[in-house]
2 protein chains.
Amino acid sequence: MPSETKPYQAIAAEKKAQQWNKIPKDWRIPTELFHNATNVMDIPLGCGLLNETESKITSDYDATALLEQIQTGVWSVEQVTVAFCKRAAIAQQLTNCLTEIFFDDAIERAKKLDREYDPKSRGKALPPLFGLPISLKDSFQVRGYGTSTGLACYVDQPAEDNSALAAMLLDLGAVLYCKTNLPQSIMTGDPHNNVFGRTLNPRNKLLTAGGSTGGEGALLALRGSILGAGTDIGGSIRVPSVCNGIYGFRPSVGLVPHGGVRDLTPPGTDGVRSTAGPMATSLRDCSLFLKSILQADTWRYDSTAISVPWMDLQPRHKLRIGVALNDGVYTPTPPVRRVLKQAVDLLRGNSSIQIIPVNLPDVKMHYQDLVGYLALSGSDHYYEQFARTGEPVIPSLEASGLLSVPGTTLHGFFDLNVRRAEAAKTYLALFRDNDLDAILMPPAPHTAVPLDSWRTITYTGLWNYLDYPAVVIPVDRVRDTDAADDLSNAQFGADDEQLYSLYTGQEQYKDAPVCIQVVGYRHKDEALMKTAAVLDAIINKL
Amino acid sequence: MPSETKPYQAIAAEKKAQQWNKIPKDWRIPTELFHNATNVMDIPLGCGLLNETESKITSDYDATALLEQIQTGVWSVEQVTVAFCKRAAIAQQLTNCLTEIFFDDAIERAKKLDREYDPKSRGKALPPLFGLPISLKDSFQVRGYGTSTGLACYVDQPAEDNSALAAMLLDLGAVLYCKTNLPQSIMTGDPHNNVFGRTLNPRNKLLTAGGSTGGEGALLALRGSILGAGTDIGGSIRVPSVCNGIYGFRPSVGLVPHGGVRDLTPPGTDGVRSTAGPMATSLRDCSLFLKSILQADTWRYDSTAISVPWMDLQPRHKLRIGVALNDGVYTPTPPVRRVLKQAVDLLRGNSSIQIIPVNLPDVKMHYQDLVGYLALSGSDHYYEQFARTGEPVIPSLEASGLLSVPGTTLHGFFDLNVRRAEAAKTYLALFRDNDLDAILMPPAPHTAVPLDSWRTITYTGLWNYLDYPAVVIPVDRVRDTDAADDLSNAQFGADDEQLYSLYTGQEQYKDAPVCIQVVGYRHKDEALMKTAAVLDAIINKL
């Protein structure tokens, strides 16, 4: 640690104190209300802090419906903003899901928007996301606020500019009001770091809230937000969506601007790229997000964007859905198997769907190569950043093994590219030759797991490796009937058995959401959204 | 050279003999007709080989107009195919522009298409490129034919599959009939190799036909083809378009399928990618090509494709055209300056155009980095391929210096990426902040130059570095009035002076075409085509 730098403990203590002061005194709730609860989902409405209007605004709508309420003048932007700031403050106290808090600025902006677009003054046409509060993962820069990503060495460095996505959302009329927690390194399934600490899963504090965009996941589950933006390079939007029972969409790389996002790999790293995408309480909100962004000239905001237009496609009459029961590496645990079967049964019973069983080729090999891409430069750059303030490696990062991947050479990188190009041909053939609209599969072999035990991202990472869009849809939660079964059900060897043994039955996994994943072809993100909407409506009986 | 391998001389002699036998005896023309001519442009119609119909078919239309003639039954596919095969055979004898010749197969396919779509049998709807002969650069694979790219070590290895683009063109109804010559390494401005020899410029044999897609350039200039496909990683479509006075369009990477193209860099190389695009005798034919491809689900053919749809955009009422008089590295020679000024004067006089003078920042630095990308792995892989048959390095490759670039490491590659990401921001700002529809500039500081003296691709390569679409439009030729002027006009130092001194006046450069280049923003290829069409109409008074 350089002598002029404060140790991480001091930096974290100051930052946490600063953060606590951003929560107005009368928005603080007594800790005895929730400290002993494993599930805190009922606290926001039960704690008495939200008045009836605020309860209604934050509980009764998805973003699409709320936007309509705002645009038709049912609620003012200020009312909506205050309500979500309050509920986010509650969520923060319950789960430690926030990093940067800027409720004051948000409420100021809300008032300004109310004035500027006052219907009485026959004002301007409303922008598409007018007045909608949107939360962001900490790695998105918001001018004037930190982008520490939970690393002590980056605390107290206010951003000079907005990330491309933050700038777009503001131009589209949204209200930004907070940023959310993530793991040290942004690379694990536990949103935990040495500055902000750990975000808890509001449905079951003994299970992880998921990573990396875990703060967002917990905040959305508690409805401290109804639309958030995360990033995903191996599952970082989808894993917390699974853990928290929300919708999470990983778009194809470049469609949603990712410029100005802090990630911790060495500058110029290429290969598998992180992508920005929405997390929400409904699938149509993911579509709303994607449509609003794609219609708004992403190229103007981000030199790395791929400007694919929104086409207002219609799904075809009979959808062809490939179903992969597993990824050939890890066997889904009983609740995951049950819910997938339940979903497939409902689809089979619907005349607009044709089910095609598919196998996913060579996932284990592709996963190893994904890890190779994620650790192209080895781990020195991580250790260097941690060392600046003497901060230790968090347990989930240590356990992930990522820090012991040795890195590679330019030719090692080319070799990864060669193998991936072959994989891309194989998976193109899978989609094309089966004439698939999408693949339905589990988003993980398990639900949220106990703290620091999320080890694998084969189910999500395959689609980062291939750059296919994928969305997580919540379907159910672990039930009494989901008994743990014999380890011999784990079909794929010792590693599989070990992971399978994590599931011990309903008691430990109480209230854990169970989700499905729907995957589309690269750059056909809009088509995937349309297909997934059909499936969601059937499976969730909407 | 491995002992079991034949030396390149023997391989080349066999291949050339095989090639000569593919030209029917009665399609051969007496060498005394043309051997002493510097300009052979009049020979195809003057040599007496083409009958009146064949002369008309190959002379009077662009691809768009010819397609209409075919589709309305004015000419059969067979008539059109035979005419172009014959004229290509003449072009081959005049300039040595072809590599693989498959006239027989083409004529068979033509007959089959005529039968299959016989209007009398009220046949199927015609595919969009029905019956149109299309020529391909040698590096595209066509099943059953070689893809040697002029390297002796790859001769006599028939392709097992079509390149994605060849497959698409066939599915779209086109007739493939020949492939065209290119430089050893596919990386120089002279289409010259140890297997097929050198392609000559039909307008002036003392000047280069341009590279790398030079065979295509010469073939199109002689109308042995009216629509061809090339590839461009630094200017390989645009340089031969300049040299031969044709239209040449370099699309954004991925829009036109590039899968299955042989290039000679080590597998898995990334950074700056080659792109496939059309070369033609009209701008609307470049649009026809792009539109036909984009409308035909490129993703089904190529796992590397970016499927951006064709939108039938309209150019806006008043176009804003940035004009860059030079690239800040090399001063355009007198004919190039004259033609650009002439073009800008015509645009200034048009009420639908607004001219905005622009400077192109840091081109020299970006060019150095482009070279860094093109030589990531150094040159061992080239030498290794040459050594297999003992073939020597061609003069233009030796002189290019590419073989002495040392290659880099993974972190050197990342550093290139970092600098390019900054450049991308700068050039985005140039387009966005000036609200530009396109940039008009020279495609090179000079016209076609004497053999083996094309040294620089700063004017074209900048747009490969940034992945912006760019099109070359022929405007004029070198005139008597284009006197060489004083070297002091070279503004950018010693290298510039040396290049500037290449231009010695009209005598040496007789009949050399002079062109302009129009550049659009990344992935806005259709918009560029629409803008360029407006400019072409004004500048060429169409």
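Every heavy atom of this structure was used, including side-chain atoms; hydrogens, water molecules and symmetry mates were not. Letters go in sequence order (proteins before strands), and every chain restarts at 1.
Between B:Thr409 and A:Thr409 the shortest side-chain heavy-atom distance does not fall below 4.5 Å. In this structure, B:Ser303 and A:Tyr427 have side chains that are not in contact, with every pair of non-hydrogen atoms separated by 4.5 Å or more. Between A:Leu428 and B:Tyr301, the closest side-chain pair of non-hydrogen atoms is not below 4.5 Å. In this structure the side chain of B:Ser377 reaches within 4.5 angstrom of the side chain of A:Phe414, judged on heavy atoms. Put simply, the side chain of B:Trp299 reaches to within 4.5 Å of the side chain of A:Lys524, judged on heavy atoms.
For chain B, no part of A:Asp433 is nearby; none of its heavy atoms comes within less than 4.5 Å. Of the atoms belonging to A:Arg522, it is side-chain heavy atoms, and not backbone ones, that fall under 4.5 Å from chain B. When heavy atoms are compared at a cutoff of 4.5 Å, A:Asp270 approaches chain B by way of both its backbone and its side chain. Contacts of A:Ala429 with chain B are absent, with no heavy-atom separation under 4.5 Å from either backbone or side chain. Both the backbone and the side chain of B:Thr408 come within contact range of chain A, judged by heavy atoms closer than 4.5 Å. Interface remark: A:Leu416 contributes no atoms to any contact with chain B (heavy atom separation under 4.5 Å). Residue contact with chain B, scored on non-hydrogen atoms closer than 4.5 Å, involves the backbone and the side chain of A:Ile306 alike.
Counted within 6.0 Å of CZ on B:Arg273, heavy atoms from surrounding residues, nucleotides or ligands total 12 or fewer; the atom is thus considered open. The 12-atom threshold is not exceeded at CG of A:Asn359, counting heavy atoms of other residues, nucleotides or ligands nearer than 6.0 Å. Within a 6.0 Å radius of CZ in B:Arg432, more than 12 heavy atoms belonging to other residues, nucleotides or ligands are found.
Summarising the geometry, atom OH belonging to B:Tyr521 is positioned 10.0 Å from atom CZ belonging to A:Arg300; distances are rounded to the nearest 0.5 Å. Atoms OG1 and NE2, from B:Thr269 and A:His411 in turn, are 7.5 Å apart once rounded to the nearest 0.5 Å.
Pairing each heavy atom of A:Met311 with each of B:Pro309, the nearest pair is SD-CG, 3.5 Å.
Contacts with chain A were tallied for B:Asn417, B:Leu410, B:Asp302, B:Val308; B:Leu410 has the most, counting heavy-atom pairs under 4.5 Å.
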